[in-house]
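Below is one structure, written out as structure tokens; the observations come after it.
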Amino acid sequence: MKKSYEASWECPSNIALVKYWGKKPGQLPMNPSLSFSLKKAQTKTSVRIEPASRRKVEFLFEGKTSFFTERVEKYLAAMSLEHDWLNNYAFYIESENTFPHSTGIASSASAYGALALCLVDLKQQVTEKKFTTQQFFQKASRWARLGSGSACRSVFSSFALWGRLEGFPNSTDCNAIPVTEKFHPAYQSLRDAVLLVDSSKKQVSSSAGHEMMNEHDFKDVRIAQANSHLRQLLEVMKTGDHQRFFQLIEKEALSLHALMMTSDPSFILLQPNSLAVIAKIRAFRQQTGLAVGFTIDAGPNIHLIYFEQDKQMVHQFIEGELLSLTENGDWLDDCIGNGPRKLNG
Ligand code: PMV
């Protein structure tokens, strides 16, 4: 007689420094990307499974049914084609975020990361097969990728690389890998202040955005650019050339938006205040000589990237000069984190 099982995991979101934009069939990336995991922005998910004659899903987000229920059902249906054991259980899933929705933090990355970790954990229990730590997280990264591409980078602490990068052993399109290069220690103290310029729903979903890369005039150039940026960034992070580091990550963020602006149809997701925040950050860097810069995801909100040692001055700058440009003075302060954590379910 089959038993019931339970798994609970907490998984962070991540912020990309080199952006994943455009995909090949099977949710494989057109170009490699690099991100760091956040610390405070986490999704906590518990999955209980009970034997059933066919797969059934009940999903509660923060105690309520949500739009995500349908996505989780579709995800499990797709996964069950390859993993038959998923068809023999009823899934009772409860999930919550430690950060508010639509705040410029990719909630799908932490959500699919946490769900995939629970599923791999359950697979171990159901099959009574113990994976090595490396196998466990590699599998979780693959399963997370199938939910949302960028989620595959969330199951590791600090820096994760997703996508095949020539000359970088073990890099693959199928899952992210932890980056164990010996970086300058400053990069272990990176912080991400998310300045909320506009929390309204995005005009274009990331799936539609990825799709537009298939026919994009700059597709080949973008793939070459991302590979080159990634290679340069990995070198710069070893030497600790902060000036070049910020040049590269800003160029990445602005290239992502340039690609959206020049796609067919075209989208402009930056708002006037996004540009005003960028101008202020650049002026502040020039005046103070501090190592600060920004990145941006596929939306109007600006992620101010800085180092722990400059926290006090950067917070003063945010409060004095940037909050008037944000929606209701809203911002979130996060930093590089330690990756996912198994919870006692
Ligand atoms: O994982 P998706 O399909 O939501 O795509 C995310 C794409 C960006 O956030 C814009 C970039 C990235 O690498 O995270």
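Counting starts at 1 for both ligands and their atoms, in listed order.
- Judged by distance alone, the side chains of E235 and T239 never bring a donor and an acceptor atom under 3.5 Å apart.
- Near D297, the atoms of ligand 1 lying under 4.0 angstrom from a non-hydrogen atom of the residue are 9 (O).
- Given atom 3 (O) of ligand 1, the protein heavy atom at minimum distance is H210 NE2, 2.9 Å.
- Assignment of S148 to the shell around ligand 1 is supported, since a heavy atom sits closer than 4.0 Å.
- Applying the 4.0 Å criterion to heavy atoms of G149 picks out, from ligand 1, the atoms 1 (O).
- Ring centroid separation for the pair Y5 and W85 does not come in under the 6.0 Å cut-off.
- Contact annotation: for S150 versus ligand 1, heavy atoms closer than 4.0 Å belong to both the backbone and the side chain.
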Show your reasoning for whether side-chain contact (heavy atoms from CB on, under 4.5 Å) applies to Q125 and K3. CA-CA 10 Å; Q125 299 179 42; K3 291 187 285 189; over 6 Å; no
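- The N/O atoms of Y20, backbone and side chain alike, include one that comes under 3.5 Å of an N/O atom in ligand 1.
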Is there a ring-ring contact (aromatic ring centres under 6.0 Å, His included) between F317 and F284 once you walk through the steps? CA-CA 8 Å; F317 163 59; F284 175 71; 3.9 Å; yes
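- The A16 neighbourhood of ligand 1 comprises atoms 12 (C), 13 (O), 14 (O), with distances under 4.0 Å to a heavy atom of that residue.
- Between Y112 and F68, a ring centre-to-centre spacing shorter than 6.0 Å is recorded.
- You'll find the side chain of N175 stays beyond 4.5 Å of the side chain of R145, heavy atoms only.
- Geometrically, ligand 1 and N14 share no nitrogen or oxygen pair separated by less than 3.5 Å.
- For atom 12 (C) of ligand 1, the candidate residues are R153, Q27, K23; the nearest heavy-atom contact is made by R153.
- Checked by atom type, the side-chain pair T295/K19 shows a donor-acceptor distance below 3.5 Å.
- Remark: minimum distance from atom 4 (O) of ligand 1 to any protein heavy atom is reached at S206 OG, 2.8 Å.
- Note: no N/O pair closer than 3.5 Å links S33 and ligand 1 by distance alone.
- Aromatic ring centroids of F307 and Y187 lie under 6.0 Å apart.
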